[in-house]
Protein chains: 6
Amino acid sequence: MSERSDGRADDQLRPVTLTRHWLDHAAGSVLVEFGRTRVLCVASASEGVPRWRKGSGLGWVTAEYAMLPGSTNTRTDRESVRGRIGGRTHEISRLIGRSLRAVIDYQALGENTIVLDCDVLQADGGTRTAAITGAYVALADAVSHLRGAGALAGEPLIGSVAAVSVGIVDGTPRLDLHYDDDVRAETDMNVVMTGDGRFVEVQGTAEGAPFDRAELDALLALAEQGCGELTRLQSEALAR
Amino acid sequence: MSERSDGRADDQLRPVTLTRHWLDHAAGSVLVEFGRTRVLCVASASEGVPRWRKGSGLGWVTAEYAMLPGSTNTRTDRESVRGRIGGRTHEISRLIGRSLRAVIDYQALGENTIVLDCDVLQADGGTRTAAITGAYVALADAVSHLRGAGALAGEPLIGSVAAVSVGIVDGTPRLDLHYDDDVRAETDMNVVMTGDGRFVEVQGTAEGAPFDRAELDALLALAEQGCGELTRLQSEALAR
Amino acid sequence: MSERSDGRADDQLRPVTLTRHWLDHAAGSVLVEFGRTRVLCVASASEGVPRWRKGSGLGWVTAEYAMLPGSTNTRTDRESVRGRIGGRTHEISRLIGRSLRAVIDYQALGENTIVLDCDVLQADGGTRTAAITGAYVALADAVSHLRGAGALAGEPLIGSVAAVSVGIVDGTPRLDLHYDDDVRAETDMNVVMTGDGRFVEVQGTAEGAPFDRAELDALLALAEQGCGELTRLQSEALAR
Amino acid sequence: MSERSDGRADDQLRPVTLTRHWLDHAAGSVLVEFGRTRVLCVASASEGVPRWRKGSGLGWVTAEYAMLPGSTNTRTDRESVRGRIGGRTHEISRLIGRSLRAVIDYQALGENTIVLDCDVLQADGGTRTAAITGAYVALADAVSHLRGAGALAGEPLIGSVAAVSVGIVDGTPRLDLHYDDDVRAETDMNVVMTGDGRFVEVQGTAEGAPFDRAELDALLALAEQGCGELTRLQSEALAR
Amino acid sequence: MSERSDGRADDQLRPVTLTRHWLDHAAGSVLVEFGRTRVLCVASASEGVPRWRKGSGLGWVTAEYAMLPGSTNTRTDRESVRGRIGGRTHEISRLIGRSLRAVIDYQALGENTIVLDCDVLQADGGTRTAAITGAYVALADAVSHLRGAGALAGEPLIGSVAAVSVGIVDGTPRLDLHYDDDVRAETDMNVVMTGDGRFVEVQGTAEGAPFDRAELDALLALAEQGCGELTRLQSEALAR
Amino acid sequence: MSERSDGRADDQLRPVTLTRHWLDHAAGSVLVEFGRTRVLCVASASEGVPRWRKGSGLGWVTAEYAMLPGSTNTRTDRESVRGRIGGRTHEISRLIGRSLRAVIDYQALGENTIVLDCDVLQADGGTRTAAITGAYVALADAVSHLRGAGALAGEPLIGSVAAVSVGIVDGTPRLDLHYDDDVRAETDMNVVMTGDGRFVEVQGTAEGAPFDRAELDALLALAEQGCGELTRLQSEALAR
């Protein structure tokens, strides 16, 4: 059995920080750090909804994820320069949006739109799970902002949501994979959970050998523990 | 507890057919039907690999998924006309490719490329799982084609792969969701498994309320049963 | 004088089949086969017309043509992946649309739109002429569908339309070129005619040496004969 | 029977001018005018051929057609701004290229490429036929330029090519349609012919009612006469 | 100190011609020549303004610049073919638009839009300054056209605008750089001025060594002189 | 005469900070702040140069500028989502690249490439000048990084470069415009200068009334003073 390159125990999260109000003007803005992974989550709130939803009385929440070119060890080309968004970016943007919408009551939000922009400033594994975890906090701030402006029809936030990656590395289940774990993982799973311990998304992929049911159960258990800790950190940040 | 609109039991697959050699020339071509869902899976084999893999001695397998405009009840615009591929298409193409690569030994494939094109001719739910199930058969035929041409360095197919969707509809776990199930599902999960019963992909999403661990376990059990039946149907088709 | 690779006489069509209702839901869906050439023609009917035609009381008919990547001997890249539609695709889509519009009375169609999607499943020469011939039958079914729904202001179908290719191969005029003919043709001509024997489109191109007036006349005579036979096959298919 | 809005007889060309060397540097540059229709045809010659033709010893000739935004009565949007080339532009560029290649001996051209850019400065009908007629003269000048540079392997120009439109307007066949003719034409045909009276392209389209064989014959006769006159004007221009 | 390749004095403009009404139909159309540089400037006027300006009572003026592929010594690829507009094109289009808007009173223009298309037919340096100088004359003609049509709410033209390039070549400040000057210039500056001698744009760039304040002053003086002469030529052209 | 909304004197810079090594891995990474304007400048260094420069022995430096969607008061759409880069982005990216290249000796850089990514995290006016000022420091760090790796052929940094905006607001020249200044400015000028007081770029634009020579001189004087202070701050940052 091998050691993790950053010395963590297999079931240990990286140091997580959630810095609120990182920008001066946005309805919500959180710099989330999972170790060296650093994502800026900005929530923009605006009156009105997309055309296909107008007149429904329902709000809308969506998300966009992107990596800055310099966030990776080797520079990544800009998708704006290539003229098209890649499959991975599409996939993660959609995942973040679905995760946040799981804890939103559209009726209570009223015809308002909140867009969550999650831009990776530095990538060291787990950017999508950090993004979801930080975006929830920015979303909560944006909801408060709308409440303060008297724009809400009720309480749109019906729960909290956090996410963590787990995986099997060198035959051992591990929590919160950083880059060095990630490149050696045989199986990689991202789990999104609500604050009350239910699942919103489970996405497990065999990168090397397929995994059996016992391994799947072990990963789910680790994820439940990790999401629980992240939920607590989110509460603390929002209580400050 | 409600009945399914097509009269199936909750743990029952739709009638599945796998028609090989549906085209005259392709290395592998399979028309797969899961009830009314109909996907044409064509495997094209060619010498050589993409530039980033040249000289490695390793082969490559990739997939592209698309829906014909007339495959849906309401016509879908062509992505070629819109000038860009949507997130859903990207996501499914990547899923099919990863699923097939899980049972490929690149070394044995040698520097050959197999592209699997999965075009949905008629969509009635479960197009991605039908595509994976059919594409595996087309892949097996393409491998035989390469073997016949003396182009292989060994036996590249190290297992079989099949996929099925499961979900919770009206509070009940159901196998192989067709469109009428799908639109009412609270939770939707796609599971890809090898023929020997291990997991390649697990993608579960709460469309409505989040799901708890017991529900997750029930869904996984249904998926294991469904993939087992599909594996048997694949073997039979390939034995013909 | 050479023989055709499939043994046909120079003035002989390939076996032609027109299978109606190939899909379960579309207003019209026809699988047309000219020998090995196989095109799926799907007609989608919807209320309303494009913006530039609104309030005119007139309907609209348009067409889109595409080739599946695996339809050709060597796999063709997807135009959606390349991000742009090629000139040949544009040209053929426009030709099919114009051909069908020649037999439509917009006034009688009322403010309805019919889109014909012609997707080539297998290509062995003559895909555009097969597409027109099949699309007419799908269009007729879509018109019946609209009539059944009480959506028409009259009888929009004022004639029938069929198409065939002719060409000069090894100095001899030939009807309905398949791939082996096509690659050796000095002159290639696509002719679209109405059921009463008039011309909608004549598109002749010298691939090798330019052609003289006598050759042009011989080609037109062959095309008239071929379109006549196709018209008869269309009537029979619609009578079933 | 009606009169033409510009007073011409039905079988009369518009005044045609071919101004060579309209630019200072290009290998060939011709401003061609068919009445008010004004097209700048520029031939650029360069050593080398596209990648797929390298090492073959054969040359290449291609063409691109475009309309300046201000060339039409109502301003046309730029295709560069829209980010894609329309079907009509594609179709005409391909037609011009094929027409010119019909009189080129690639072997004699050697591995050189000539690109013909045909930009419409003012459009009053017949822009594609004016473009072909002018582009041939620019091509001839570019060939002379290459000959002067000692870059040729022989005489690549094996004939001349000219083009004219014909159509049925108010029931009468007319030669060289200008805009006022064009909008009222029931049938519109573009004919490309070699200087020795053979056909390179025949593209006839029924805009209104389909046309019968007698009408087709009348149109072809007019086109033969018109192309003959244009061939004479091309010779005179090149003799200057 | 070196001589200019075309024999001009350092403070001498190239021969400048402004040919109005170069096209038959456009509201304004000017062929402007600065020596061999030749730009066609066409002003299209239409009722209405872009959506974001509707109901404001204000008009809009914008410009698009492009180079024909054959305008340069070595053929330039079309931006429509590449599918995107390059940075240089964007930059120059924006510069021309801003320059013209500096002399427009939107209130007096009323809700009308004038688009200036500046297409370079032959490029020999200074295409953007020639374009601005010519576009102003086309704009003035388009304004007269609107005035004639009774479409104006006042006098929208509140001044004139002209532009010239200056630069330091071989250590010497020079006026109106042609291509041979341009490629050797250490500093290149484009200056746009109103007819009454004030600045609209000053864009100076060190291509080689940075420039000091004395050099900057010398360049500005030359530009003031050049713009003065161009203003006079514009007046004369408009008086004809 | 009005006061500035942030209380500064007309000739006073905002508080400027330059935080080096803001990321863990990049060759150079600087967070630059001009008041509330905050730009992340990341320099990525790699061996090799673009294809057109290979074998020349010369290096290459380029830059890309972008704004995060949440950096502005009202959310800005992503250019990657729109599928194309706007003119303003192109213009600024090119400006930053040119500015940095003015102080680079390509010979000494050897065949290495440095890309500067300047991403605006928060925008409050002057983002392009902050970007240039910060990018120079990141560039200097990247050069040190290459020197440390023994990859340089000499000393490529032949000077320093800084930039500031100046403008005329309410009739008064002001230094370093923030957003509130910017929206009211009649004239806006960006000036890029070397550390030894020479000009690299001067870009002045009349947003409202054109400006006269005296105003231009006043603006240049302010810019010279501002760039001098920024040069000193850059030296201090690099000395830390």
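Computed from heavy atoms alone, side chains included, the values below leave out hydrogens, waters and symmetry copies. Within every chain, numbering begins at 1; the chains are lettered A, B, ... in the order of the sequence lines, protein sequences first and strands thereafter.
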For residues A:Ser99 and A:Tyr136, is any side-chain donor paired with an opposing acceptor at under 3.5 Å?
->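 Looking only at side-chain atoms, A:Tyr136 and A:Ser99 do not form any donor-acceptor pair under 3.5 Å.
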Would [X] and [Y] pass as an ion pair if we require N to O under 4.0 Å?
{"X": "F:Arg147", "Y": "F:Glu155", "value": "yes"}
{"X": "F:Arg8", "Y": "F:Asp10", "value": "no"}
{"X": "A:Asp170", "Y": "A:Arg4", "value": "no"}
{"X": "F:Arg20", "Y": "F:Asp141", "value": "yes"}

With respect to chain A, which residue among F:Leu40, F:Leu68, F:Val42 yields the maximal number of heavy-atom pairs within a distance under 4.5 Å?
->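 Highest number of heavy-atom pairs under 4.5 Å: F:Leu68.
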Pick whichever of F:Arg84, F:Gln122, F:Arg82 has the most heavy-atom pairs under 4.5 Å with chain A.
->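 That would be F:Gln122.
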Is A:Arg94 positioned over the aromatic face of A:Tyr65, cation under 6.0 angstrom from the ring centre and no more than 45 degrees off axis?
->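 No, A:Arg94 does not sit over the ring of A:Tyr65.
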Identify which part of F:Asp24 has an atom lying under 4.5 Å from any heavy atom of chain A, answering side chain, backbone, both or neither.
->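 Interface part for F:Asp24: both.
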Most contacts with chain F, counted as non-hydrogen pairs under 4.5 angstrom, among A:His25, A:Glu79, A:Arg75 |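 Maximum pair count with chain F is reached by A:Arg75.
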Most chain F-contacting option - heavy-atom pairs closer than 4.5 Å, from A:Asp124, A:Thr74, A:Asp119 |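 So the answer, after comparing A:Asp124, A:Thr74, A:Asp119, is A:Asp119.
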Please confirm whether the backbone N or O of F:Ala163 pairs with a side-chain atom of F:Thr133, one donor and one acceptor, at under 3.5 Å?
->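 Yes: the side chain of F:Thr133 pairs with the backbone of F:Ala163.
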What part of [X] lies closer than 4.5 angstrom to a heavy atom of chain F: side chain, backbone, both or neither?
{"X": "A:Cys118", "value": "backbone"}
{"X": "A:Val115", "value": "side chain"}
{"X": "A:Arg38", "value": "side chain"}
{"X": "A:Ser44", "value": "side chain"}
{"X": "A:Asp117", "value": "both"}

